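In what follows, chains are A, B, ... by sequence order, proteins preceding strands, each numbered from 1. Every value quoted in this text rests on a predicted model; they were computed, and no experiment measured them.
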Protein chains: 2
Amino acid sequence: MPMARPTIADIAERAGVSKGAVSFALNGRPGVSEETRRRILAVADEMNWRPHRAARSLGNSRAGAVGLILSRPARTLGLEPFFGQVVSGLQAGLAEDGTALQLLVVEDPEAEMAAYRTWTAEKRVDGFVLLDPLIEDPRFPALEALEVPVMVLGGPLADTSLSFSWADDSEAMHEAVDYLAALGHRHVVHVAGMPQFLHTKRRMDVLTEAKERHELAEVVSIPTDYSDSEGAVITRRVLSRRDRPTAIVYDSDVMAVAGLGVALEMGVRVPQDLSILSFDDSLLARLTHPALTALTRDTQGWATEAARELLRLIADPTLTVRHQSSTPVLVPRESTAPPAGQ
Amino acid sequence: MPMARPTIADIAERAGVSKGAVSFALNGRPGVSEETRRRILAVADEMNWRPHRAARSLGNSRAGAVGLILSRPARTLGLEPFFGQVVSGLQAGLAEDGTALQLLVVEDPEAEMAAYRTWTAEKRVDGFVLLDPLIEDPRFPALEALEVPVMVLGGPLADTSLSFSWADDSEAMHEAVDYLAALGHRHVVHVAGMPQFLHTKRRMDVLTEAKERHELAEVVSIPTDYSDSEGAVITRRVLSRRDRPTAIVYDSDVMAVAGLGVALEMGVRVPQDLSILSFDDSLLARLTHPALTALTRDTQGWATEAARELLRLIADPTLTVRHQSSTPVLVPRESTAPPAGQ
DNA sequence: AAGCTCAGATAAAGCGGTTAAGTTGGGCCG
DNA sequence: CGGCCCAACTTAACCGCTTTATCTGAGCTT
């Protein structure tokens, strides 16, 4: 029969020291001589000891986990590659420290807020990662009030003490528009994401500004809910106009692929009659024919960096981290070309 | 300043009872009268009390979490919609009970095994969910030895005491092959998944058997690593033969989409010259043109059911659960048709 | 040699719950 | 009316680890 889980008391007995000494030794803090430390570590190793998580948490009031709470319809998780990337990226960063990732998917923002409160009150996690910051995000003040470490993926954020890690979407959007303008496009439609998202707004702002800079004839941003169906509907609508755009920028690859499908269905050739650019890259964008020109970024790496910053923040809650990760890069593929008649 | 987190001691004092009574009341177990219970609950509610997770775990030796450990290259997580579906499905089932899902992504099977051991030793979780059972899966005996509740997603499993929840892949594959045969296909290639996976083997077996049953001229299963690139390479190879197949069944939608791309690139028309069927459905399969005929199933619902079963198992570890979920269903779309010259 | 300091260890008090083992007092029985 | 039982509570131990005193003795000072 397997021996019961050893505790530090067992180690202490076997090593002939006190529980306290064992704790000091195992945590690498002063209070024991080097020699005793080595002896204790040897015994612990020999007995195959592992700290009991709950006991440790109770003792030092660290949960050893951080929370990620998503309020999107659950099925979105499987659809948007973004989530998988973020989750595995976060996980990688946290794992370096032995910290776990607790995931919760809820249906609405109220449930999300409730979960922040509950998990904080239960000391279930040491901090949170927030996705998709909104323009006037009600979660920010609430979380500030909870006085819990938070790392927002997105930004930059003003008017909040919360930490964030951002990528320069504006710059990336500039690059995209400059590229299209250089190709000779003057009628550009932007199929955007949810208008309340901060990054959606920033992208739309760049577009408005770009219109003047490049003396474009038309630049419109149309907000959506990120679904493939809205992407398709809007594409169908703008391609049905007499004065149709020669280029469309999509805020997600799912919408871009849906849009491409509509173009095919309507006999609009890509890229001859229409250029398509996706502000989001993934396998999806590469598997289509033609493959989609996209703004690509290392989402996973970004999330890993953010996770590390969050761990720093948890270690020292007085910090406010403002971290910037690399700017998305334009990867030209087959879906963009100069407009016909150019 | 915010009042410190209330503990049951605070509640006890305020309600004029002992800590024990409070614990009984809050957990709905006998030992207090209905009236006292109500009073205690009222006080707890008023003080906005939440149980401290670690304390509770230490007391009743339940971690209140289950683990999901994946050993796949981290990027796969973002690529395969399957994972997102499973994660959100599990999460939904566990949430009903307030149980959390701990996720870990590791690079290789050794690290996966190490994590099972560590998490069990640390009492970090109460049980595990296993994905992708292998034919002679070394994880099974190891986990049996650890004496920890486990629910395998896949099966059916023999020679193990582990519980599992399965969907009848064989039956589904039958349906797919019958359909193709009925359309008139006699040369069918199966671009399979990893050969060591149990479900890959079962699908391949069905195909072999189907060959005789339907008197097909050719039926080949070609194992792959599930990557889009292998899917493409193999498709290119089989389509280059003089005697090319008239239908290809892919074990994942990612490979199916990649295969469709190759067909387009080679001027092979789908479905006129080639029928494509995907043994896996997701947005991906629906967004392509033509949309892919696929075997579809409610992965998320399956995971939710499995999660519930795992909770039962944790409550009563003597159980061995054998749960069957619904069989995948064939959804004909545009990528399948009778072969040319039929 | 008395007085200090300080490293190296011990003992014991938590941390916030759960739970086994008492302790009451009222109702019911013969 | 004494004896018993049982529901309703209380006490206190315990879960496994951390952490804050507290203790001890060797080495230095003066």
Five-pair end axes of the helix from C:dA1-D:dT30 to C:dG30-D:dC1, angle between them (10°): 60°
Chi angles and distances behind the side chain to side chain donor-acceptor pair (under 3.5 Å) call for B:N27, B:R56: CA-CA 11 Å; B:N27 292 300; B:R56 180 164 273 181; 3.2 Å; yes
Length of the line joining A:I8:CD1 and D:dT18:C1', which is rounded to integer Å: 8 Å
Side chain to side chain donor-acceptor pair (under 3.5 Å) between B:E112 and B:S71, intermediate numbers included: CA-CA 6 Å; B:E112 182 182 347; B:S71 72; 2.9 Å; yes
d(NE2, A:H52; P, D:dT18) in whole Å: 12 Å
Presence of B:S57 side-chain N/O under 4.0 Å of D:dC15 phosphate oxygens OP1/OP2: no
Nucleotide of D:dC9, D:dT18, D:dG16 approaching A:R56 most closely (side-chain heavy atoms): D:dT18
DNA chain C: 5'-proximal contact among B:R29 and B:A54 (nearest heavy atom): B:A54
Terminal contacting nucleotides, 5' and 3', DNA chain C versus chain B (heavy atom, 4.0 Å): C:dG16 to C:dT19
Nucleotide D:dC17, atom C1' - distance to CD of B:E122 in whole Å: 13 Å
Sugar-phosphate only, base, or nothing, as touched by B:R50 at under 4.0 Å among non-hydrogen atoms: sugar-phosphate
Any B:R37 side-chain N or O less than 4.0 Å from OP1/OP2 of D:dC9: no
Quiz: residues 98-109 of chain B side-chain donor-acceptor pairs under 3.5 angstrom, not counting sequence neighbours:
from, atom 1, to, atom 2, distance (Å)
B:T99, OG1, B:D97, OD2, 2.9
B:D108, OD1, B:E110, N, 3.2
B:D108, OD1, B:A111, N, 2.9

B:E13 atom CD, neighbour heavy-atom count above 12 within 6.0 Å: no
Contact under 4.0 Å: A:W49 side-chain N or O vs D:dC17 OP1/OP2: yes
With sequence neighbours excluded, residues passing ring pair (Phe, Tyr, Trp, His ring centres under 6.0 Å) with B:H199: B:F197
A:E46: side-chain hydrogen bond (donor to acceptor under 3.5 Å, both in side chains) partners, not counting sequence neighbours: A:R14
Pairwise ring pair (Phe, Tyr, Trp, His ring centres under 6.0 Å) hits with a residue in residues 41-61 of chain A, at least two apart: none
Contacts of type side-chain hydrogen bond (donor to acceptor under 3.5 Å, both in side chains), residue A:S165, not counting sequence neighbours: A:W302, A:H323
A:N27 CG - D:dT19 P separation (whole Å): 7 Å
Touch class at under 4.0 angstrom, heavy-atom based, for A:P51 against every strand present: sugar-phosphate
Atom pair distance, as rounded to whole Å: NZ in B:K123 and C1' in D:dG16: 11 Å
Distance in angstrom units between A:L26 CG and D:dT19 P, rounded: 13 Å
Separation of D:dG16 P from B:L58 CG (nearest whole Å): 7 Å
side-chain hydrogen bond (donor to acceptor under 3.5 Å, both in side chains) partners of A:E35, counting only residues at least two apart: none
Inter- and intrachain pairs under salt bridge (Lys or Arg N to Asp or Glu O under 4.0 Å), touching residues 113-123 of chain A, at least two apart: A:E122-A:R124, A:E122-B:R53
Report each atom pair, protein N/O against N/O of nucleotides 10-13 of chain D, whose distance is under 3.5 angstrom.
from, atom 1, to, atom 2, distance (Å)
D:dT10, OP2, B:S18, N, 2.8
D:dT10, OP2, B:S18, OG, 2.9

Comparing A:S23 and B:T36 on DNA chain D - which has the more 5′ nearest nucleotide: B:T36
Residues in side-chain hydrogen bond (donor to acceptor under 3.5 Å, both in side chains) contact with A:S18, at least two apart in sequence or another chain: none
Sequence neighbours excluded, every pair satisfying ring pair (Phe, Tyr, Trp, His ring centres under 6.0 Å) that has a member inside residues 122-141 of chain B: B:Y116-B:F128
